[in-house]
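For reference, the structure discussed in these notes is given below.
Keep in mind that the numbers below use all heavy atoms, side chains included, and drop hydrogens, waters and symmetry copies. The sequence lines fix the lettering, A, B, ..., with proteins before strands; numbering per chain opens at 1.
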2 protein chains.
Amino acid sequence: MKDFTTLLRTHNLKATPQRLIILENIYNDGHINIDNLFDKVKQTFNSISLATIYKNINAMIDNSILTEVKLPNTKSVYEIIKQKHYHLLCNNCQSITDIEIDTSSIINDISSRYHFQVDKSDLVLSGICQKCLLDN
Amino acid sequence: MKDFTTLLRTHNLKATPQRLIILENIYNDGHINIDNLFDKVKQTFNSISLATIYKNINAMIDNSILTEVKLPNTKSVYEIIKQKHYHLLCNNCQSITDIEIDTSSIINDISSRYHFQVDKSDLVLSGICQKCLLDN
DNA sequence: CTGACTGCAAACGTTTTGCACGGTA
DNA sequence: TACCGTGCAAAACGTTTGCAGTCAG
């Protein structure tokens with residue numbers, strides 16, 4: 001469990017109970033889409049409105065607490081901003097796994113070949129995860 | 001200019017004038033979002049409806065003629081399916097460039113480290129393109 | 001000739017907004 | 001206490017659908 005109160009305040013947002021529960025749920029899940037987040041948050045805060053979820057997701061993205069991860073063939077998920085990493089997406093169970101890869105050689109290659117200044121990289125590898133491979 | 005009539009027919013779709021113009025516009029642009037596509041197509045086929053654009057984009061995706069490219073911080077674009085490649089996205093001029101990178105070592109590494117069967121990879125490098133770097 | 005396609009309008013699901021009330025700092 | 005945040009309902013937005021007419025093969 002992290003100190004989400006401090007996280008919010010250092011990013012110029014008030015630490016309301018709704019925001020704390022939203023962050024706890026995103027943190028526990030790792031990556032979560034709006035619908036699942038709303039369902040989960042309602043379990044501990046059943047009066048919360050969907051508009052509040054949206055407003056807070058957007059506020060936290062604007063204030064660099066969260067980031068949106070766009071995925072092929074499925075809804076975007078949101079995650080707390082952390083160190084640079086990439087994603088595995090299982091097309092069978094829909095699980096998302098953070099992975100670390102050294103992409104510096106690729107990025108350097110592209111920078112020089114295309115004279116493109118790379119500020120951000122997004123990589124999603126889709127396929128079948130270990131668990132689903134074993135289950136079938 | 002390619003033979004889009006054959007492309008459509010070999011994918012079990014009728015070669016209507018609307019579809020040919022849609023494909024020509026996507027081909028010429030390389031990658032285009034729905035709004036820009038609608039604007040462009042209207043220039044040569046002003047009676048076309050937005051519903052027809054949507055229906056055809058979806059039909060062509062379902063029949064493996066087109067693919068959707070999801071991009072960070074901006075709308076998805078559509079492109080004609082071609083050989084495997086990745087994308088550069090300029091955050092200044094919004095241009096999208098196809099790039100070729102050998103990602104096999106990364107994918108092999110991930111397959112063995114995570115026991116994940118990789119079927120597809122999506123990589124977007126965002127930043128500033130050469131033209132915009134020179135202009136500023 | 002027949003099934004597939006088009007264009008319109010209506011419907012739909014998702015996200016945003018306005019506003020009065022409530023809570024954080 | 002001042003301002004930010006919440007919750008509700010309504011609005012806006014993007015996309016899909018139903019249907020009658022049309023066209024490609």
Side-chain angles (χ1 to χ4, degrees), chain A residues 3-26 32-78, chain B residues 3-25 32-71 73-78:
Chain A
D3 178 5
F4 296 123
T5 300
T6 303
L7 179 66
L8 285 163
R9 289 186 185 151
T10 56
H11 287 81
N12 305 309
L13 292 174
K14 293 193 173 177
T16 66
Q18 290 89 339
R19 284 180 180 160
L20 294 172
I21 292 171
I22 288 170
L23 281 172
E24 276 167 33
N25 277 282
I26 297 177
I32 194 164
N33 68 32
I34 293 282
D35 300 335
N36 293 342
L37 179 62
F38 185 44
D39 289 346
K40 286 255 192 158
V41 168
K42 265 195 298 193
Q43 289 172 19
T44 43
F45 203 113
N46 81 312
S47 65
I48 201 167
S49 76
L50 187 51
T52 298
I53 300 277
Y54 276 110
K55 284 172 184 169
N56 282 322
I57 291 290
N58 289 333
M60 291 193 255
I61 289 173
D62 292 345
N63 289 280
S64 304
I65 292 176
L66 298 181
T67 186
E68 178 182 0
V69 183
K70 293 195 178 181
L71 302 168
N73 307 316
T74 189
K75 292 185 180 185
S76 290
V77 294
Y78 301 89
Chain B
D3 178 6
F4 296 123
T5 300
T6 303
L7 180 65
L8 286 163
R9 290 186 185 152
T10 56
H11 289 79
N12 305 308
L13 292 174
K14 293 194 171 178
T16 67
Q18 290 90 337
R19 284 180 180 159
L20 293 172
I21 291 171
I22 289 171
L23 281 172
E24 274 168 33
N25 277 282
I32 194 164
N33 68 32
I34 293 282
D35 300 335
N36 292 342
L37 179 62
F38 185 44
D39 289 346
K40 286 257 191 157
V41 168
K42 265 195 300 194
Q43 288 172 19
T44 43
F45 203 114
N46 82 312
S47 66
I48 201 166
S49 77
L50 187 51
T52 297
I53 300 276
Y54 277 110
K55 284 172 184 169
N56 283 322
I57 292 290
N58 289 333
M60 292 194 253
I61 288 174
D62 292 345
N63 290 279
S64 303
I65 291 175
L66 298 181
T67 187
E68 178 182 1
V69 182
K70 292 196 179 182
L71 302 169
N73 307 315
T74 189
K75 293 185 179 183
S76 290
V77 293
Y78 301 88

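With sequence neighbours excluded, no residue forms a side chain to side chain donor-acceptor pair (under 3.5 Å) with A:S47. Residues satisfying the salt bridge (Lys or Arg N to Asp or Glu O under 4.0 Å) criterion with B:K40, sequence neighbours excluded, are B:D29. Scanning for side chain to side chain contact (heavy atoms under 4.5 Å, CB included) contacts around B:N58 gives an empty result, with sequence neighbours left out. For A:D62, the salt bridge (Lys or Arg N to Asp or Glu O under 4.0 Å) criterion is met by no residue, not counting sequence neighbours. Evaluation of the side chain to side chain contact (heavy atoms under 4.5 Å, CB included) rule for B:D39 yields B:K42 as partners, not counting sequence neighbours. Checked against side chain to side chain contact (heavy atoms under 4.5 Å, CB included), A:K55 has no partners two or more places apart in sequence or in another chain. Under the side chain to side chain donor-acceptor pair (under 3.5 Å) criterion, A:T16 pairs with no residue, sequence neighbours left out. Here A:P17 pairs with A:F45 under the side chain to side chain contact (heavy atoms under 4.5 Å, CB included) rule; sequence neighbours left out.
The CG-P distance, from A:N12 to D:dC3, rounds to 16 Å in whole Å. To the nearest angstrom, P of D:dG5 lies 14 Å from NE2 of A:H11. Following rounding to the nearest Å, A:I53 (CD1) and C:dT14 (P) show an atom-to-atom distance of 15 Å. Between B:N56 atom CG and C:dA4 atom P the separation is 15 Å, expressed in whole Å. To the nearest angstrom, P of D:dA9 lies 13 Å from CG of A:L50. Atom C1' of nucleotide C:dT6 and atom NZ of B:K42 are separated by 16 Å, given to the nearest angstrom. The distance from atom CG of A:L20 to atom P of D:dT6 is 10 Å, rounded to the nearest whole Å. B:R19 places its CZ atom 15 Å from the P atom of D:dC23, with the value rounded to the nearest Å.
In plain terms, the two heavy atoms of B:T10 and B:L7 that are nearest each other are OG1-O, 3.0 Å.
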Please write out the pairs of protein N or O atoms and N or O atoms of nucleotides 22-25 of chain C separated by less than 3.5 Å, giving the distance to one decimal.
unit_1 : atom_1 : unit_2 : atom_2 : d
C:dT24 : O2     : A:K14  : NZ     : 2.9
C:dA25 : OP1    : A:R9   : NE     : 2.9
C:dA25 : OP1    : A:R9   : NH2    : 3.2
C:dA25 : OP1    : A:A15  : N      : 3.0
C:dA25 : OP2    : A:R9   : NH2    : 2.7

Can you tabulate the close N/O pairs, meaning under 3.5 Å, that link protein atoms to atoms of nucleotides 7-10 of chain C?
unit_1 : atom_1 : unit_2 : atom_2 : d
C:dG7  : OP1    : B:Q18  : NE2    : 3.3
C:dG7  : OP2    : B:S49  : N      : 3.4
C:dG7  : OP2    : B:T52  : OG1    : 2.9
C:dG7  : O6     : B:K55  : NZ     : 2.5

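Between B:M60 atom CE and B:I22 atom CD1 the span is 4.5 Å, to the nearest 0.5 Å.
Of the side-chain N and O atoms in A:N58, one or more sit less than 4.0 angstrom from OP1 or OP2 of C:dT16.
Near-neighbour residues of DNA chain D inside residues 59-69 of chain B, defined by a heavy atom below 4.0 Å, are absent.
For residues 63-72 of chain A, the pairs satisfying side-chain hydrogen bond (donor to acceptor under 3.5 Å, both in side chains) are A:E68-A:S76, with sequence neighbours left out.
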